[in-house]
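Structure, as structure tokens:
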Amino acid sequence: MVKFSLDGKTVSAPEGELLVYAAARHGVFIPTLCHDEKLDPYGGCRMCVVDVEGSPRPLPACATRVTAGLAVSTNSSVPQYRKTLTEMLLSEHLNANPGGRPNELLDMAEELGAAAPLILPDAKREPYEDRNRLMGYDPDACILCNRCVRYTQEVMQCSALSLEGRGPTARIVPTHGHSWLDTECELCGGCLSTCPTGAIYEKFHEGAPPQHERSLDQVKSTCTFCGVGCQIDLHVDPATKRIVKVTSDPGYVSNEGNLCVKGRFAFNFVHHPDRLTQPLVRGEDGELHPTSWDDALRVAAEGLRGVKERHGPQAIGVLASARLTMEENFLLQKLARTALETHSIHSCEAT
Amino acid sequence: MGRGATTNSIPEIENCKFMLVIGSNTTEAHPVLALRMKKAVRKGATLVVADPRKIWLTKLAKRHLQLRPGSDVWLLNAIMHVILEEGLQDEDYIREYTEDLDAVREVVARYTPEQAEQVTGVPAADIVATAREYAGERKAAIFYTLGITEHACAIDNIWSLSNLVLMTGHLGYESTGLNALRGQNNVQGLNDAGANPTYFPGYQTIDEENRRKFSEAWGVPIPERPGYRLDQMMSGLHDGRVRALYLVGENPAHTEPNAHHVEEGLGKLEFVVAQDLFLNETSRAHANVVFPASSFAEKDGTFTNTERRVNRVRKAVPCPGEAREDWRIVVDLARALGARWPEYRTSEDVWNEFADLSPNWSGIRYDRIEEVGLQWPCTDREHPGSPYLYADRPARASGRGKFYPVEYKPPIEQPDSEFPFVLSTGRTLYHYNSATMTMREPGVLDKQEDPFVEINPEDAVALGIREGDWVRLVSRRGDLEARAAIGERVFPGLVWMALHFAQAKVNWLTHDVGDPLIGTPEYKVCAVRLEPVAP
């Protein structure tokens, strides 16, 4: 641990810790835009600049490390820089159509009382269309912080996205300008999750929810697609009671907020019209017919009891499933071992 | 070693210094866990991949051991040969915590790297280098999946890996161990909860004492006769031992090997109850009763992930129509069968009964896993959970890990002049098992809709097959058509298919001869021939 000065107070932190984290632990919150704790320090957007004694210009707290004796000020000229920077970014953002998407830039503008300056924005950037049905990109909402590109390079370690062009025409494109479906992009949506301005966005399966995305209900749960057990937040439209999107928080231990294409996007099976909504019983015509729960349970119980009486309990097998919860599997084995009187319970996922 | 579970935790992976990934296409089957491996490599770890295919991870690997399918025992025995020959083993660990090394020493002495090269196709120098690196690094971990277990010699493969881990003492601390990556969301929990013919909940053996314990808890006698395993149930369909099935979330007509044969057996059943989200091949054709069930988003409960962490599942949306939570359906059916069960008001009531009866879970309660899941063993409410196993010593009764000598056995079905190709199978990133969920997701299907078969360019040229052509695959048990995906991911003589496609079920081709001890089918190796399909 070393001592350094933060807004006139002497505080301590491990040597080499990023200033943005050290300050936060001492109660000084420094806003960031291009920073993501999953990514290497970048210092691109300058939103987190602070004054450091002896430095000729302000330094980014997200890329400056604590050393002994460092004297940092976050409240001198810094708020003015931040407001000016926000206004400059806003002016590039005027043609954006971020809908109700979460937007760190607009949140910051509101907090700082920053408004877009009265200058003409650059001409609208050339729109970008992609035939994939999961994610879209709005160049006018993009502040070129490069978080998405860095996520693909540093976390996924693939080359799905790159920054192309310069100045007003600069934008993010899938590698070599191909469709996202034709690059090594795995559609994991990591770029989307790290985008601070909603420039990369979900193309909602059923159209965007009418209200702001933040007014959706959130329910924390566990992903159902593999054994990693990623922790997820299911966003539910309170009006329709349907899941509209899935996100994850960087603080979740096993997956650190990362998801794959299935976990993030393949939730629509839950609301699929093919879902069974009524019990079915096979009739004498050989077809399955809808019936009541009472009837279905009675037929099932009679059928199983009949086989048990004719052939003994060993003639009944129960196949449980890894799709089910612990509690359900526990009850199924209890059903086999008590009501059906057999230990023949297994599953197709025996491996 | 004593427990059927992954030894270490996901967050520890990024601090590994050496990783051997064998029989696991991690970036596709466990994509988010693979991110930790990528992170470890970025932090300087050495990655060695042993896999018949050039999977994505080989791009990051220092070395790819491209072994022939089913030759894992040869490879692993040869690695151990080098370790013992060069004295790289951990003598202290072996003395304190293991038994019967000599039996393994005797066997692996015959497995030289040079001969291994002949059988496995992996250069001897690569075997030697891997042995030295693995034995020489303390934070060295092994990861495996179904590429190891879906063989007739599944247990042999696992014993080989266990031997390797024990002889190097890579057990009982962070960022090491033998890590079986569980394929499905709750396959660990399914076994933990006792949905298994050989164990009561919590891996309590079915002996007299435990039968008494559960009989007292549940108020009814517990049967004495052992139950059938899955493979025994499947063969029992044909010989009349099994006359009724209760299938919950299962689709054996798709997922079981030699699927045509299974289909025929299901037709002989007197009574089938199916419980699922959708109708599938099995329920449509064979079910007498179908219960409409719940998805993960429609119920409360827990899943246990591959690192033994019990995570909460929470109800976010209502069940559609009259569909019910699966646990309520089981309770309703038990009542209809006349069982006198206590009243379960919530999934938590069910959990508490399980935890009260299962010592290694008794400390895990809903109020403790609201924010972060706990890892078993967790024996009381003060227990912090167990990020890694065997911190004190192996969990067998003797307190010592046992070495099991393993001899190589070739795969059951070898290629011949009629069926000259080896077919191996697996999963892809974009689908999940029989794909009843992912095939209903257009945005994901865009990436991968048609069944495909990976073929080496050399074979493709010889057969006159071009990229995207439809090809017929024929085995002794069935045939199917898939599009050719030509590339270097497979070597000449090997073809590979994913298991997800209903219109081209790879299990029409696979055979159902499994491991003699545990019955795991050999999905990973069978013999086929390829025929171009006229356009």
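No experiment lies behind these values; they were computed from the predicted model shown. Note on naming: letters A, B, ... go to the chains in the order of the sequence lines (proteins, then strands), and numbering restarts at 1 for each one.
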Point to revise | Top of A:Ile316, A:Asp274, A:Val307, A:Leu134 for chain B proximity - count of heavy-atom pairs under 4.5 angstrom | key: A:Asp274
Exercise for review: Name all residues meeting the ring pair (Phe, Tyr, Trp, His ring centres under 6.0 Å) criterion together with A:His343; count only those two or more places apart in sequence or in a different chain, and write none if there are none.
Suggested key: B:Phe200
Exercise for review: Indicate the atoms forming the closest heavy-atom contact of B:Cys319 with B:Glu325, along with that distance.
Suggested key: SG-N, 3.9 Å
Practice item. Just give me the residue among A:Asn255, A:Val253, A:Leu259, A:Asp294 that pairs up with chain B most often, heavy atom to heavy atom, under 4.5 Å. Key: A:Val253
Check your understanding: chain B heavy atoms under 4.5 Å from A:Glu154: which part of the residue, side chain, backbone, both or neither?
Key -> both
Study note, to complete from the structure: Bottom line for A:Lys334: the part with an atom under 4.5 Å from chain B's heavy atoms is both
Practice item. Write down the atom of A:Glu327, the atom of B:Gly301, and the distance for their closest heavy-atom approach. Key: OE1-CA, 3.5 Å
Study note, to complete from the structure: Cut-off 4.5 Å, heavy atoms of chain B, and the answer for A:Cys223 is backbone
Check your understanding: Which one, B:Pro201, B:Gly321, B:Pro11, leads in non-hydrogen pairs under 4.5 Å with chain A?
Key -> B:Pro201
Check your understanding: B:Arg284, B:Met234, B:Gln232: which one forms the most heavy-atom pairs within less than 4.5 Å of chain A?
Key -> B:Arg284
Exercise for review: Against chain A, work out which of B:Val242, B:Leu33, B:Val32, B:Ile10 has the most heavy-atom pairs shorter than 4.5 Å and name it.
Suggested key: B:Val32
Revision key, fill the gap. Pair count under 4.5 Å, heavy atoms only, with chain A: among B:Thr306, B:Thr302, B:Val317, B:Val330, highest is B:Thr302
Check your understanding: Distance-only, no hydrogens or angles: does the A:His346 side chain make a donor-acceptor pair with backbone N or O of B:Tyr228 under 3.5 Å?
Key -> no
Check your understanding: In terms of heavy-atom pairs under 4.5 Å, which option from B:Leu269, B:Val220, B:Leu247, B:Leu333 contacts chain A the most?
Key -> B:Leu333
**Study point:** chain A contacts, top residue of B:Pro292, B:Ala193, B:Gly227 (heavy-atom pairs, under 4.5 Å)
**Key:** B:Pro292
Review point. What part of A:Cys260 is in contact with chain B, defined as an atom under 4.5 angstrom from a non-hydrogen atom: side chain, backbone, both or neither?
Key: both
Review point. Looking at A:Gln333, A:Gln314, A:Gln278, A:His272, which one has more heavy-atom pairs under 4.5 Å with chain B than the rest?
Key: A:Gln314
Exercise for review: Heavy-atom pairs under 4.5 Å with chain B are the metric here; pick the option from A:Val219, A:Thr338, A:Leu304, A:Leu331 that has the most.
Suggested key: A:Leu331
Exercise for review: Using the test ring pair (Phe, Tyr, Trp, His ring centres under 6.0 Å), find all partners of B:Trp361 that sit at least two apart in sequence or belong to another chain.
Suggested key: B:Phe354, B:Trp376
Practice item. Output, in order, the C-alpha distance, side-chain angles, deciding distance and verdict of salt bridge (charged side-chain N to carboxylate O under 4.0 Å, His left out) for B:Lys299 and A:Glu328. Key: CA-CA 10 Å; B:Lys299 58 194 171 193; A:Glu328 290 161 346; 3.0 Å; yes
Revision key, fill the gap. For B:Ala293 and B:Ile329 the tightest heavy-atom approach is CA-CD1, 4.1 Å
Check your understanding: Are there more than 12 heavy atoms of other residues, nucleotides or ligands under 6.0 Å from atom CD of A:Glu302?
Key -> yes
Review point. Looking at B:Glu270 and B:Asn288, what are the two nearest heavy atoms and their distance?
Key: O-OD1, 4.0 Å
Point to revise | A:Lys241, NZ atom: more than 12 neighbouring heavy atoms under 6.0 Å | key: no
Check your understanding: Among A:Asn258, A:Val281, A:Leu335, who wins on heavy-atom pairs under 4.5 Å with chain B?
Key -> A:Leu335
Practice item. Examine distances only and state if a side-chain atom of B:Asn311 and a backbone atom of A:Ser221 form a donor-acceptor pair shorter than 3.5 Å. Key: no
Point to revise | chain B interface, residue from A:Val261, A:Thr342, A:Asn132 that has the most non-hydrogen pairs under 4.5 Å | key: A:Val261
Practice item. Name the region of A:Leu234, side chain, backbone, both or neither, that has any atom closer than 4.5 Å to a heavy atom of chain B. Key: side chain
